[in-house]
Structure formats: C-alpha cells, structure tokens
Amino acid sequence: MKIAVLPGDGIGPEIISEAVKVLNALGPKFELETAPVGGAAYDVAGHPLPPATLELAKNADAILFGAVGDWKYDTLARELRPEQAILGLRKHLELFANFRPAICYDELTAASSLKAEIVGGLDILIIRELNGDIYFGQPRGIRASELPLFKGAREGFDMMHYCEPEVERIGRVAFEAARKRSKKVCSVDKANVLETSQLWREVMIRVGKDYPDVELSHMYVDNAAMQLVKAPKAFDVVVTGNLFGDILSDEAAMLTGSIGMLPSASLDKNNKGLYEPSHGSAPDIAGKGIANPLATVLSAAMMLRYSLGLPEQADRIEAAVQKVLTQGLRTADIFTAGTTKVSTIQMGDAVVAALSQ
Ligand SMILES: NC(=O)C1=CN([C@@H]2O[C@H](COP(=O)(O)OP(=O)(O)OC[C@H]3O[C@@H](n4cnc5c(N)ncnc54)[C@H](O)[C@@H]3O)[C@@H](O)[C@H]2O)C=CC1
Ligand SMILES: CC(C)CC(=O)C(=O)O
Ligand SMILES: [Mg+2]
C-alpha cells in the first residue's frame with residue numbers, strides 16, 4: 001500500500017513525523033513516499049504543487065498531508081501561495097467530501113473553553129463540501145469598480161457558486177453517514193439571503209426524500225455558529241458548504257479542547273482520500289516542538305479505516321490515543337492543572353508505546 005506523505009510548512013513536518021512513526025510501529029508495511037508541498041515546494045521547485053508531487057498524490061492509495069502556509073509567502077501572487085497546494089489537491093483529485101469529526105474525550109473536558117456539561121460526551125460529525133463554493137467560484141478578482149457610488153475605487157469579488165449535482169453528492173454522503181450514526185442530518189446554509197443557499201436547501205430536501213429514515217433539519221449558519229457553543233450535543237451530522245464548513249469546524253474544534261485534536265478525511269467518490277489535521281501550519285508555534293500531533297495521528301487512523309481497508313489498525317491507533325490521554329499526557333494546547341506536559345515528539349513516542357500496552 002502506497003502512501004504519499006506531504007509534510008508541508010510550519011508545524012507540518014513536526015506533526016507528520018509523529019504520525020509516520022505511529023504508522024511504522026503498527027506492523028503492516030506501508031510504502032511511504034515523501035514529497036514537498038506548499039511553501040516548502042515553492043522554495044525548491046517554484047510552485048506550491050509541483051507536477052511530481054501531484055503525480056505522487058494521484059498514484060498513491062492515500063495521502064497523508066501536514067499543513068501549508070506561512071506568513072513569509074503572504075505577498076506571493078495568489079496562484080503561488082502555499083494554500084493553493086491543498087486547494088489544488090482537493091480539486092485535481094475531486095476530494096469533495098470532507099469529514100471532520102469533533103469528539104470531546106472525557107479526559108479533555110477541562111481543556112475546552114466551554115463548561116464540561118456542555119461538551120462532555122460530544123461526538124458530532126461535520127461534513128463539509130470541499131470542491132465548490134466561494135473558494136473555487138468564477139469570476140473572482142480585484143478590479144476598478146464600475147459602481148456609480150464607488151466608481152474607480154478598487155473592488156474585490158468572489159463568486160459563491162454551487163451546481164445541483166455538487167450539492168446532491170455531498171447530501172448523499174451526509175445521509176449515508178447519518179444512517180451509520182443517530183440518523184439525524186442538520187444542513188447549514190444561509191438560504192434567507194443567498195440564492196446559492198436556496199438551491200442548496202431545495203436539493204437537500206429533495207435528496208432527503210430518498211432517506212426517509214433520516215431526520216433532516218435546516219439551520220442558518222449564523223444560528224448554527226451560536227448553537228454550536230450553546231448546545232453542541234443537539235447536533236449529530238452537520239452538512240454544509242465549503243466556506244461555512246471551514247469556519248464551523250474550527251469553532252467545533254474548540255469544543256474538543258483544541259484544534260490540535262481535530263482530524264479530517266477528504267474523500268473522492270471511491271473513498272480514495274487525503275488525510276490531514278483540520279488545523280493549519282501554525283507558524284506561531286512552528287519549530288518549538290510543542291505542536292499537538294494527535295489530530296494528524298487520528299487522521300492517519302481515518303486513512304487506515306476509509307482508504308486502506310485496515311479498520312482494526314485504525315482502532316488500535318484510536319485506542320492508543322485514548323490511552324495516552326488517560327495517562328495524563330498533554331501537549332501545551334490541551335494542558336490543564338494536574339496533567340503532564342509533553343512535547344510533540346514525546347506525545348508521538350507515547351502513542352507508539354501505547355500501541356503495544
Ligand atoms: N489545510 C491547510 O494546510 C491549512 C492551512 N492554513 C494556513 O496555516 C497558516 C496559519 O493559519 P492560522 O489561521 O493561524 O490557523 P492555524 O490552524 O495554523 O492556527 C490557529 C491557532 O491554533 C494553533 N494550533 C494549530 N494547530 C495546532 C496544533 N497542532 N497544536 C497546537 N496548537 C495548534 C496555532 O498555534 C494558532 O494559535 C496560514 O498560512 C493558513 O493559510 C490554515 C488552515 C488549513
Ligand atoms: C487553507 C485553506 C485553503 C483551507 C482551510 O482553512 C481548511 O481547509 O480548513
Ligand atoms: Mg480551516
């Protein structure tokens with residue numbers, strides 16, 4: 001089984017090293033091939049997603065991705081920015097279905113910024129559409145305005161856009177996922193204002209008729225943002241577009257204690273996938289050895305389950321993560337009084353040790 005390993009920038013290489021360490025300790029032999037991506041690729045090849053990296057990703061059975069981006073690339077032309085690498089991979093490989101499970105481990109309720117009774121036992125699944133919306137819509141750009149009131153002033157514009165089949169396919173993914181959980185889907189949109197969302201809602205209702213056993217509800221995104229911190233356990237599967245899903249999943253991350261705990265899977269229609277933590281490259285803590293590698297380790301577990309057909313190995317990793325948390329080991333982002341602070345590498349080592357305990 002061939003895994004493309006793309007560490008990227010910032011904390012990317014630090015957290016990927018720990019996930020690779022865990023994969024190598026499992027038993028099954030994986031063929032791991034590493035390639036530069038993001039700013040690291042721009043530095044060596046002049047492009048954030050060089051053809052060789054894209055080829056490797058296309059030909060692998062799965063992709064393990066760290067994170068891309070750094071402030072030092074912020075002045076580059078948009079097409080050369082590191083973020084284009086992850087957007088490009090998602091688009092080229094048609095990874096349209098992004099699974100972001102937000103689970104609050106009992107041991108981490110104190111690490112959440114919310115009260116324990118609000119987040120204790122939380123287990124929700126955000127399903128974010130990943131190939132459309134305002135992130136990919138055309139036209140977009142910055143130009144001189146033609147608006148009478150602002151004529152000649154610079155204006156920025158991005159097209160929010162969804163085609164009916166795009167909404168339908170992510171809707172089906174969400175309903176199927178809900179069937180394996182508590183049979184509830186909440187579709188989040190802004191249908192009171194946006195045409196795109198009106199279409200989104202109409203399609204969700206139509207697709208929902210094929211899943212009479214699943215309860216479909218709808219919520220405007222502003223209310224969803226509020227309900228996520230008010231009563232997050234009222235949700236089960238949340239399905240939403242690219243932009244709203246990006247924002248809501250970072251919000252949900254804090255319910256679990258830290259964004260360093262939130263893994264993700266980005267899947268195509270055949271369950272080929274890219275696996276990455278939900279967070280970014282965290283340049284503010286890069287190189288300090290304090291990043292939490294667990295979101296990446298848990299993403300590797302999702303990879304074994306969804307793309308590589310090794311659910312028992314995925315279970316082993318998840319059980320090992322549970323064990324290190326029970327042992328009281330915490331990176332700085334989830335540290336609370338009475339627990340033991342460990343580095344990125346120590347956390348990875350502890351997960352490896354827990355695999356055989
Ligand atoms: N998929 C990707 O590669 C993504 C890349 N980015 C890029 O990452 C860069 C930084 O973006 P930000 O908005 O700061 O988001 P970020 O997610 O990188 O960081 C936000 C905050 O969370 C903390 N954090 C993130 N991951 C952590 C971890 N594993 N352990 C402990 N703390 C962690 C950071 O230190 C920071 O304070 C930007 O260039 C952005 O474009 C952002 C999101 C996704
Ligand atoms: C860096 C962006 C392209 C995406 C992002 O923030 C995310 O996927 O969570
Ligand atoms: Mg994001």
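Both ligands and their constituent atoms are indexed starting at 1 by order of listing.
- Every atom of ligand 1 is numbered from 1 in the order shown, and the set under 4.0 Å from a heavy atom of Ala291 is 30 (N).
- Taking a 6.0 Å sphere around CZ of Phe157, one finds it holds more than 12 heavy atoms contributed by other residues, nucleotides or ligands.
- Taking a distance limit of 4.0 Å, we find that atom 14 (O) of ligand 1 is approached by no protein heavy atom.
- Within ligand 1, counting atoms from 1 as listed, the ones closer than 4.0 Å to a heavy atom of Ala67 are 3 (O).
- In Val68, the parts holding a heavy atom less than 4.0 Å from any atom of ligand 1 are both the side chain and the backbone.
- Counting heavy atoms closer than 4.0 Å to ligand 1, residue Ile11 contributes side-chain atoms (C-beta onward) but none from N, CA, C or O.
- Scanning the protein for heavy atoms near atom 18 (O) of ligand 1, the closest one is Ala282 N, 2.8 Å.
- Between the side chain of Glu14 and the backbone N or O of Ile16, no donor-acceptor pair lies under 3.5 Å.
- Residue, atom and distance of the protein heavy atom nearest to atom 8 (O) of ligand 2 are Arg90 NH2, 2.8 Å.
- For the pair Arg305 and Glu318, the salt-bridge criterion is met [side-chain N within less than 4.0 Å of a carboxylate O].
- Nearest to atom 33 (C) of ligand 1 by heavy atom, out of Asp333, Ile285, Asn292, is Ile285.
- For ligand 1, the atoms sitting less than 4.0 Å from at least one non-hydrogen atom of Ile259 are 22 (O), 24 (N), 25 (C), 26 (N), numbered in the order shown with element in parentheses.
- Here the side chains of Arg330 and Lys341 are not in contact, with every heavy-atom distance at 4.5 Å or above.
- An N or O contact shorter than 3.5 Å links Asp246 to ligand 2 by distance.
- When Val37, Thr296, Leu294, Asp284 are ranked by how near their heavy atoms come to atom 35 (O) of ligand 1, first place goes to Asp284.
- Interface of Arg128 with ligand 2, defined as ligand atoms under 4.0 Å from a residue heavy atom, comprises 7 (C), 8 (O), 9 (O).
- With values rounded to the nearest 0.5 angstrom, Asp9 atom CG is found 12.5 Å from Trp71 atom CH2.
- Under 4.0 angstrom from ligand 2, the non-hydrogen atoms of Ser278 all belong to its backbone.
- The closest side-chain heavy-atom distance from Asn242 to Leu130 is below 4.5 Å.
- For ligand 1, the atoms lying closer than 4.0 Å to a non-hydrogen atom of Asp70 are 39 (O).
- Counting the atoms of ligand 1 from 1 in the order shown, those under 4.0 Å from a heavy atom of Glu83 are 38 (C), 39 (O), 40 (C), 41 (O).
- Note on ring orientation: taking the six-membered ring where Trp is involved, the planes of Tyr42 and Tyr73 are perpendicular (angle over 60°, cut-offs 30° and 60°).
- The closest heavy-atom contact to atom 1 (N) of ligand 1, among the options Lys288, Glu276, Met347, Met261, comes from Glu276.
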- Could you give me the CA-CA distance, side-chain angles and deciding distance for Asp61 and Lys2, then say whether salt bridge (charged side-chain N to carboxylate O under 4.0 Å, His left out) is met? CA-CA 5 Å; Asp61 297 302; Lys2 185 163 178 174; over 6 Å; no

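- Residue nearest to atom 26 (N) of ligand 1, selected from Met254, His279, Lys72: His279 (by heavy-atom distance).
- Under a hydrophobic-cluster definition in which Ile, Leu, Val, Met, Phe, Trp and Tyr are linked whenever side-chain heavy atoms come within less than 4.5 Å, directly or via other members, Ile259 and Leu108 are assigned to different clusters.
- Using a 4.0 Å cut-off between heavy atoms, Arg100 contacts ligand 2 through its side chain alone, with no backbone atom that close.
- Counting heavy atoms under 4.0 Å from ligand 2, residue Gln84 does not touch it at all.
- Interface atoms of ligand 1 facing Gly260, defined by a heavy-atom separation under 4.0 Å, are 28 (C), 29 (N).
- Inclusion of Ser258 in the set of residues having an N or O under 3.5 Å from an N or O of ligand 1 is not warranted.
- The OG1 atom of Thr34 sits 8.5 Å away from atom CG of Leu56, with the distance rounded to the nearest 0.5 Å.
- Using a non-hydrogen distance threshold of 4.0 Å, Arg81 does not register as a contact of ligand 2.
- The heavy atom nearest to atom 9 (C) of ligand 1, out of those in Ala332, Gly69, Ser281, is found in Ser281.
- The shortest N or O to N or O distance between Ile86 and ligand 1 is not under 3.5 Å.
- With a 4.0 Å heavy-atom cut-off, ligand 1 is reached by the side chain of Pro283 but not by its N, CA, C or O.
- With contacts defined as side-chain heavy-atom distances shorter than 4.5 Å, the pair Arg100/Asp246 qualifies.
- Between Gln84 and Leu49 there is no side-chain heavy-atom pair separated by less than 4.5 Å.
- Looking from atom 1 (C) of ligand 2 to the surrounding protein, the closest heavy atom is Glu83 CG, 3.8 Å.
- Polar contact check, Gly280 against ligand 1: a nitrogen or oxygen pair lies under 3.5 Å apart.
- One hydrophobic cluster, built from ILVMFWY side chains closer than 4.5 Å, holds both Val321 and Val20.
- Comment: Glu94 engages Arg169 in a salt bridge, judged by a side-chain N to carboxylate O separation of less than 4.0 angstrom.
- If you number the atoms of ligand 2 from 1 as listed, the ones under 4.0 Å from a heavy atom of Leu87 come out as 3 (C).
- Of the protein's heavy atoms, at least one falls inside 4.0 Å of atom 4 (C) of ligand 2.
- Within the 4.5 Å cutoff, the side chain of Pro311 has no heavy atoms near those of the Leu304 side chain.
- Inside a 4.0 Å radius of atom 20 (C) of ligand 1 there is not any protein heavy atom.
- Look at Arg140 and Asp158 and you find a salt bridge, because one of the NZ, NE, NH1 or NH2 atoms lies within 4.0 Å of a carboxylate O, short of that distance.
- Aromatic ring orientation, Phe175 versus Tyr211: parallel (interplanar angle below 30°, classes split at 30° and 60°).
- The Mg ion (ligand 3) has an N, O or S atom of Asp246 under 2.8 Å away, backbone or side chain.
- Using a 4.0 Å cut-off to heavy atoms of Phe65, the atoms of ligand 1 that qualify are 3 (O).
- For Lys183 and Asp213, the salt-bridge test fails: no basic side-chain N is under 4.0 Å from an acidic carboxylate O.
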